[in-house]
Amino acid sequence: MSDCLFCKIVAGEIPSSQVFADETAVGFLDIEPLHRGHTLLVPRRHVADGLTDPSVWDELAVGLVSVGQRLRAALGATGINILSNAGADAGQSVFHFHVHLIPRYPDHPGMADLMTRDARAEDLSQLAALIRG
Ligand code: AMP
Ligand code: ZN
């Protein structure tokens, strides 16, 4: 889709801090991280949300586990929230399917603090390099 932000990121037309790529999926850092290392994993093809086509979850599966393991190993995340917003009323703002991997740390644990932003300003391209290893 020519006017889709995440299609443009997948195509490399808009820069991103990439942490993962394979044949079917791309992972990159969220520009407004809730917690350090907040990553978005998207299918390469345009699908509006995770309830449009069941096979799109298979396309993310390898990336999901790979990125999750790297967030643990590279950043020391002791927990990770994995979530996807489907529909505007759920908070979806970009209508190209994406899964949020939100690393969590012992100083701000639990669901109640999920939306309490505690990521400090830092260079996302350096952070992506650290996650990629
Ligand atoms: P959602 O609200 O679930 O649709 O999530 C969209 C996410 O995309 C938000 O967390 C935004 O911070 C993030 N976002 C928006 N623009 C960009 C961008 N250019 N690069 C990386 N993340 C982005
Ligand atoms: Zn798209």
Side-chain angles (χ1 to χ4, degrees):
M1 280 230 326
S2 56
D3 61 346
C4 170
L5 173 63
F6 288 171
C7 280
K8 288 178 179 165
I9 286 179
V10 167
E13 294 165 10
I14 289 178
S16 70
S17 299
Q18 192 168 297
V19 300
F20 177 85
D22 69 5
E23 305 79 41
T24 55
V26 174
F28 52 91
L29 294 179
D30 194 299
I31 47 164
E32 292 186 44
L34 288 170
H35 299 271
R36 185 173 192 239
H38 182 168
T39 297
L40 302 175
L41 186 68
V42 310
R44 286 188 179 273
R45 66 184 172 111
H46 183 88
V47 176
D49 62 44
L51 300 179
T52 302
D53 173 357
S55 65
V56 77
W57 290 91
D58 294 343
E59 296 166 26
L60 298 192
V62 169
L64 192 65
V65 172
S66 172
V67 171
Q69 289 182 351
R70 288 301 303 155
L71 294 173
R72 282 178 169 164
L75 302 187
T78 49
I80 300 177
N81 295 107
I82 299 165
L83 67 91
S84 185
N85 300 324
D89 287 344
Q92 186 175 9
S93 61
V94 178
F95 292 87
H96 178 132
F97 175 42
H98 51 283
V99 172
H100 296 254
L101 291 97
I102 306 174
R104 304 299 301 277
Y105 305 94
D107 54 345
H108 292 107
M111 282 291 283
D113 268 357
L114 174 60
M115 301 300 290
T116 307
R117 194 180 299 278
D118 82 341
R120 294 176 191 83
E122 75 180 298
D123 184 321
L124 291 184
S125 60
Q126 282 184 13
L127 183 60
L130 180 64
I131 294 167
R132 289 194 305 269

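Both counts, for ligands and for their atoms, begin at 1 and track the order of listing.
- Only side-chain heavy atoms of Asn85 come within less than 4.0 Å of ligand 1; its backbone N, CA, C and O stay farther off.
- At least one heavy atom of Phe6 sits under 4.0 Å from some atom of ligand 1.
- A side-chain N or O of Asp118 and one of His108 form a donor-acceptor pair less than 3.5 Å apart.
- Within ligand 1, the atoms closer than 4.0 Å to a non-hydrogen atom of Phe28 are 21 (C), numbered from 1 in the order shown.
- Counting only heavy atoms from C-beta outward, the side chains of Arg104 and Leu114 approach each other to under 4.5 Å.
- Pairing each heavy atom of Ile131 with each of Arg70, the nearest pair is O-NE, 2.6 Å.
- Within ligand 1, counting atoms from 1 as listed, the ones closer than 4.0 Å to a heavy atom of His100 are 1 (P), 3 (O), 5 (O), 10 (O).
- For the pair His38 and Ile102, the minimum side-chain heavy-atom distance is below 4.5 Å.
- Atoms ND1 of His96 and ND1 of His46, as seen from the Zn ion (ligand 2), are separated by an angle of 110°, to the nearest 10°.
- Here the straight-line distance linking atom CD1 of Ile82 with atom CG of Leu64 works out to 5.0 Å at 0.5 Å rounding.
- With contacts defined as side-chain heavy-atom distances shorter than 4.5 Å, the pair Leu124/Phe28 does not qualify.
- Side-chain contact check for Pro103 versus Arg72: every heavy-atom pair is 4.5 Å or farther apart.
- Between Cys7 atom SG and Cys4 atom SG, the angle centred on the Zn ion (ligand 2) amounts to 120° (nearest 10°).
- Among Thr39, Asp30, Val94, the residue whose heavy atom sits closest to atom 7 (C) of ligand 1 is Asp30.
- Close contacts between ligand 1 and Glu32 involve ligand atoms 12 (O) [criterion: under 4.0 Å to a heavy atom].
- Heavy-atom contacts of Leu40 reach the following atoms of ligand 1: 7 (C), 8 (O), 13 (C), 22 (N) (cutoff under 4.0 Å).
- Here the side chains of His100 and Leu40 are in contact, with some heavy-atom distance below 4.5 Å.
- At the shortest separation from atom 16 (N) of ligand 1 among protein heavy atoms lies Leu5 CD2, 3.4 Å.
- Residue contacts with ligand 1: Gln92 is placed with no nitrogen or oxygen under 3.5 Å of a nitrogen or oxygen of the ligand (distance criterion only).
- Summarising the geometry of Phe97 relative to Gly50, their closest heavy-atom pair is CD1-N, 3.3 Å, with the distance given to 0.1 Å.
- Remark: among candidates Gly87, Gly91, Ala90, Ser93, the nearest residue to atom 4 (O) of ligand 1 is Ser93, based on non-hydrogen atoms.
- Residue Leu29 touches ligand 1 through its backbone alone, judged by heavy-atom distances below 4.0 Å.
- Protein heavy atom closest to atom 5 (O) of ligand 1, with residue, atom name and distance, is His98 NE2, 3.0 Å.
- Closest to atom 20 (N) of ligand 1 among all protein heavy atoms lies Ile31 CG2, 3.6 Å.
- When heavy-atom distances to ligand 1 are checked against a 4.0 Å cut-off, Phe97 has no atom that comes that close, whether in backbone or side chain.
- A distance of 4.5 Å separates CG of Leu41 from CG of Leu60, quoted to the nearest 0.5 Å.
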